[in-house]
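Here the structure is a predicted model, which is why all the values come from computation and not from measurement. Remember, it's 1-based here, ligands and their atoms both numbered in the order they're listed.
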Amino acid sequence: MSVLQIRYLGDPVLKKKAQPVPEVDEEIRQLARDMIETMYFNKGAGLAAPQVGVSKKVIVYDLEESGSGTEPQVLINPAIVASEGTVRDEEACLSVPELKDMVERKAKITVTGLDLEGREVRIEADGLHSRVLQHEIDHLEGILFVDRVGPLKKKLLLSKWKKIRKKLEPERIV
Ligand code: ZN
C-alpha cells in the first residue's frame, strides 16, 4: 500500500466528473487500499478518488478515528437513489485543508453502489454517515463543499484558501 498525494482545490481533476468503474478488478482494489491508507495518514473521515488524481467513481470512508478497529468502507459507482429532509452541520475537506463551514445536506439518504467484490450494495444512512457519503459523492461530480455554502461565503473561503495554499505548498502554485 502507499500513501498518495492529495490534490488541492485549484487542481482541475477535482472539477471533473469522475468515470463509472466498468469492472471491479485488482487495479480498483489496489486503488481503494491506497486511498484508505491515504485517508488514515491524513486523518480524514472519507476520501474520493479524484482527490488523489484518479477520475473514477470510487470512495472510501471510516466514520471512526483511524486505528479504532472499525472497518474502512469502500463504495464503487455510488449513487443517491432516495433522500429525505435537510440538516446543516460543519464540514471540512482534505482537498481544502484548514477550512471548514456549515453545509446543508439531506438528512437521510439511500445509496446504491458496488463493494470490492463487485456485489451490489444498498445503504441507508443518516447523521454523520449520510453527510460523509454526500460529501464524497459530490467529489465524483466535481463538487466541493465550498461550492455549497452560498456565493458570499464561497468568496470568503476562496480568499482564505489562496493564503493557506501558498503556505502549504509554495512550489505547487501556478
Ligand atoms: Zn472532501
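E120 CD: 12 or fewer foreign heavy atoms inside a 6.0 Å radius.
Counting only protein N, O or S atoms closer than 2.8 Å to the Zn ion (ligand 1) gives 3.
Under a 4.0 Å N-O distance rule, the pair E91/R131 qualifies as a salt bridge. The pair R33-E26 meets the salt-bridge criterion, since a charged nitrogen lies less than 4.0 angstrom from a carboxylate oxygen.
Counting only residues at least two apart or in different chains, side-chain hydrogen bond (donor to acceptor under 3.5 Å, both in side chains) contacts with residues 75-88 are absent.
Taking the side chain to side chain contact (heavy atoms under 4.5 Å, CB included) definition, one finds that A125 meets it with I109, I123, H129, S130, L133, sequence neighbours left out.
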Just distance, no hydrogens or angles: give the donor-acceptor pairs under 3.5 Å from side chains in residues 141-152, sequence neighbours left out.
residue	atom	partner	partner atom	Å
E141	OE1	K17	NZ	2.9
D147	OD1	K154	NZ	2.8
D147	OD2	K15	NZ	3.3
D147	OD2	L144	N	2.8
R148	NE	D138	OD2	2.5
R148	NH2	D138	OD1	2.9
R148	NH2	D138	OD2	3.4

